[in-house]
Colleague: 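Would you mind keeping the following structure in view while I ask a few things?
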Amino acid sequence: MKRNNKIQKLSIIGGGPAGLASAYFAHKNGLKFELFEGNSEIGGNCKTVEHKNFKFDLGAHRFHDKNKYVTSIVRNLLNDDLKLVSTPSKIFYKGKMITFPIEFKNLLKKLDSKIILKILIENGINIFNQNKINSFNDLVIKRYGSTLSTLFINNYSKKLWGIDTTLLSPKISGGRLKNLNIISIINIFSNRKHFEGFFYYPKNGFGMIFDKIKEEIQNNNIFLNSNVTKIFHNDNKINAIEINDNKKIEVDQIINSLPINIIANILEPKIPSKILDIVNTLKFRNLRIVVIFLKMKNFSNYASIYFPDENVN
Ligand SMILES: Cc1cc2nc3c(=O)[nH]c(=O)nc-3n(C[C@H](O)[C@H](O)[C@H](O)COP(=O)(O)OP(=O)(O)OC[C@H]3O[C@@H](n4cnc5c(N)ncnc54)[C@H](O)[C@@H]3O)c2cc1C
């Protein structure tokens, strides 16, 4: 964010990673800011919750080294508390654990030879596959062939996103689906570690990243239990927000990190009902987290275990 002398104060809505990152850069650039978080804690979906000395994240979270600049910021914030972890994930298939992201060497050990042959033929043909990728389904078929996609990827993705993979965007893979192509087959006997098996993870849970940001940007600019209930606008400019249905605060510039459906519904005056109706058709997935506390140091060496079987819900 560049310093802009015209900005007197930034009002940031939401104290999840997006809101906190905005606050962090405002702080670094010497901009006045205030952050409003509806909950009693910051971190949003990336919180680490503590219960009777057990810590757990809101779903398995890991920090991927995708952007050197972002990684360097997080590394500077956490120093030695940011650990590089080398732990693969697994797919549970007919009682066997298949390494994910898929590795050909591992498949050879775990799958029937007829299936292996099919996979080889499909992936051989795939080298010449010039088909345009329009959906997530197209992407996985191009990357893995239809047998592997059907066995391990499409069912799971359909369960996760709630719609058929032909209707999902290829972007949802987040670049994490590595090619199982001739290169990986040639590398079959090498012990090259897979990039995806590596990720960063803070010593005390993923939420530690956001707790550190909060520490860094000074707590007195962060207003917890401050639900933004209205956003007042006039002449294409937002000029005030309402907190917890009663307190009106004048704003100069705002950064919103909330989903469009929430924002669209709290704009005052109301936006045209035609637009609101469209926004309200957006569907979101709910997340139910079941946490089981076990009295043992380490339950498994896997980062995650995926269950593609459509009967396991
Ligand atoms: C199961 C699961 C696993 C994931 N794994 C990873 C992973 O491994 N790596 C990764 O990088 N990402 C992962 N993600 C994605 C990551 O959690 C999100 O990208 C991230 O939380 C988005 O941050 P955000 O700030 O946009 O939104 P949120 O985290 O949703 O934060 C929004 C904040 O706004 C607050 N808020 C809502 N309404 C209001 C209001 N009216 N007024 C004021 N405040 C309000 C909320 O309380 C919340 O604190 C995962 C997500 C899930 C669900």
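Counting starts at 1 for both ligands and their atoms, following the listed order. Keep in mind that this is a model prediction, so the values were computed, not measured.
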Colleague: Which residue and non-hydrogen atom of the protein lie closest to atom 40 (C) of ligand 1, and at what distance in Å?
Modeller: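 Going atom by atom, the protein heavy atom closest to atom 40 (C) of ligand 1 ends up being Asn227 OD1, 3.2 Å.
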
Colleague: As an exercise, identify every atom of ligand 1 less than 4.0 angstrom from a heavy atom of Gly38.
Modeller: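 Heavy-atom distances to Gly38 below 4.0 Å select 43 (C), 44 (N), 45 (C).
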
Colleague: Report the part of Leu287 in contact with ligand 1, treating N, CA, C, O as backbone and CB onward as side chain, heavy atoms under 4.0 Å; options are side chain, backbone, both, neither.
Modeller: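 For Leu287, the contact with ligand 1 is made by the side chain alone.
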
Colleague: Any nitrogen or oxygen of Asn45 lying under 3.5 Å from a nitrogen or oxygen in ligand 1? Just yes or no.
Modeller: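 The answer is yes, given that Asn45 and ligand 1 share an N or O pair closer than 3.5 Å.
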
Colleague: Flag the pair Lys68 and Asp65 as a salt bridge only when some basic side-chain nitrogen lies within less than 4.0 angstrom of an acidic carboxylate oxygen.
Modeller: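 Yes, charged N to carboxylate O under 4.0 Å.
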
Colleague: Crowded around Lys247 NZ? As in, over 12 foreign heavy atoms under 6.0 Å?
Modeller: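 For Lys247, atom NZ is not crowded (no more than 12 foreign heavy atoms under 6.0 Å).
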
Colleague: For ligand 1, is there an N or O atom under 3.5 Å from any N or O atom of Gly43?
Modeller: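 No, there is no polar N/O contact under 3.5 Å.
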
Colleague: What protein heavy atom sits nearest atom 35 (C) of ligand 1, and how far off is it?
Modeller: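 In this structure, atom 35 (C) of ligand 1 has Glu37 OE1, 3.3 Å as its nearest protein heavy atom.
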
Colleague: If you look at every heavy atom in Gly205 and Thr48, which pair is closest and at what distance?
Modeller: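 Nearest pair, atom of Gly205 first, then Thr48: C-OG1, 3.3 Å.
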
Colleague: Salt bridge check, Lys270 against Glu268: does any charged N sit closer than 4.0 Å to a carboxylate O?
Modeller: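 Salt bridge present between Glu268 and Lys270.
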
Colleague: If we count only non-hydrogen protein atoms and require a distance under 4.0 Å, does atom 42 (N) of ligand 1 qualify as touching the protein?
Modeller: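 At least one protein heavy atom is under 4.0 Å away.
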
Colleague: Looking at Lys158 and Glu310, is any side-chain nitrogen of the basic one under 4.0 Å from a carboxylate oxygen of the acidic one?
Modeller: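 Answer for the salt bridge query: no.
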
Colleague: Looking only at N/O atoms, are Leu58 and ligand 1 under 3.5 Å apart anywhere?
Modeller: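 Such a contact does not occur with ligand 1.
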
Colleague: At less than 4.0 angstrom from any non-hydrogen atom of Gly44, what atoms of ligand 1 do you find?
Modeller: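 Numbered from 1, ligand 1 contributes 29 (O), 31 (O), 48 (C), 49 (O).
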
Colleague: Does atom CG of Leu84 have more than 12 heavy-atom neighbours from other groups under 6.0 Å away?
Modeller: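 Atom CG in Leu84 is crowded, with more than 12 foreign heavy atoms closer than 6.0 Å.
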
Colleague: Using heavy-atom distances only, which candidate in Arg285, His61, Lys66 approaches atom 52 (C) of ligand 1 most closely?
Modeller: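 Result: the heavy atom closest to atom 52 (C) of ligand 1 is in His61.
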
Colleague: Relative to atom 25 (O) of ligand 1, which among Ala18, Ser304, Gly59, Ser40 owns the nearest non-hydrogen atom?
Modeller: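 Among Ala18, Ser304, Gly59, Ser40, the closest heavy atom to atom 25 (O) of ligand 1 belongs to Ala18.
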
Colleague: Are the side chain of Asn29 and the backbone of Leu31 linked by a donor-acceptor contact shorter than 3.5 Å?
Modeller: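 It does not hold such a pair.
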
Colleague: As an exercise, state the distance from CD of Glu34 to CG of Leu10, rounded to the nearest 0.5 Å.
Modeller: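 That separation rounds to 9.0 Å.
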
Colleague: Are Ala21 and ligand 1 in contact, using a heavy-atom cut-off of under 4.0 Å?
Modeller: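 In this structure, Ala21 fails to qualify as a contact of ligand 1 - no heavy atom is under 4.0 Å.
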
Colleague: Run the numbers for me: atoms of ligand 1, each under 4.0 Å from some heavy atom of Cys46, listed by number.
Modeller: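 By the 4.0 Å cutoff, the relevant atoms are 16 (C), 17 (O), 20 (C), 21 (O).
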
Colleague: Examine the side chains of Asn244 and Asn225 and answer whether a donor and an acceptor come within less than 3.5 Å of each other.
Modeller: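 The criterion, which ignores hydrogens and geometry beyond distance, is not satisfied for Asn225 and Asn244.
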
Colleague: Can you name the closest pair of heavy atoms from Tyr302 and Thr87 and give their distance?
Modeller: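 Heavy atoms only, the tightest pair is C-CG2, 3.7 Å.
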
Colleague: Polar contacts were defined as any N/O atom of the residue lying under 3.5 Å from an N/O atom of the ligand; does this apply to Ile13 and ligand 1?
Modeller: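 It does not: no N or O of Ile13 is found under 3.5 Å from an N or O of ligand 1.
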
Colleague: Check ligand 1 against Ala60 and write out every atom of the ligand that is under 4.0 Å from a heavy-atom position of the residue.
Modeller: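 Contacts of ligand 1 toward Ala60, numbered from 1: 3 (C), 4 (C), 5 (N), 8 (O).
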
Colleague: Which of the listed options, Arg62, His64, Glu41, holds the heavy atom that is closest to atom 11 (O) of ligand 1?
Modeller: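 The option holding the nearest heavy atom is Arg62.
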
Colleague: Crowded around Asp80 CG? As in, over 12 foreign heavy atoms under 6.0 Å?
Modeller: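 Check fails, neighbour count at 12 or below.
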
Colleague: Is NZ or CZ of Lys248 both nearer than 6.0 Å to the six-membered ring centre of Phe232 and within 45° of the ring axis?
Modeller: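 Lys248 over Phe232 ring: yes.
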
Colleague: For atom 31 (O) of ligand 1, which protein heavy atom lies nearest, and how many Å away is it?
Modeller: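 Answer for atom 31 (O) of ligand 1: Gly16 CA, 3.4 Å.
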
Colleague: Under 4.0 Å from ligand 1, counting heavy atoms only, is it the side chain of Phe36, its backbone, both or neither?
Modeller: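 Within the 4.0 Å criterion, Phe36 contacts ligand 1 through backbone atoms alone.
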
Colleague: Can you sort out which atoms of ligand 1 are near Leu258, meaning under 4.0 Å from one of its heavy atoms?
Modeller: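 Ligand 1 atoms under the 4.0 Å threshold to Leu258: 34 (O), 36 (N), 37 (C), 38 (N), 39 (C), 40 (C), 41 (N), 45 (C).
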
Colleague: Please check this pair: side chain of Ser226 against backbone of Leu224, looking for a donor-acceptor N/O pair closer than 3.5 Å.
Modeller: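 A pair under 3.5 Å: yes.
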
Colleague: Is atom 19 (O) of ligand 1 less than 4.0 angstrom from at least one protein heavy atom?
Modeller: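 Protein heavy atom within 4.0 Å of atom 19 (O) of ligand 1: absent.
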
Colleague: Please report which non-hydrogen protein atom sits nearest to atom 23 (O) of ligand 1, along with the residue it belongs to and the distance in Å to one decimal place.
Modeller: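 Checked against all protein heavy atoms, atom 23 (O) of ligand 1 sits closest to Pro17 CD, 3.2 Å.
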
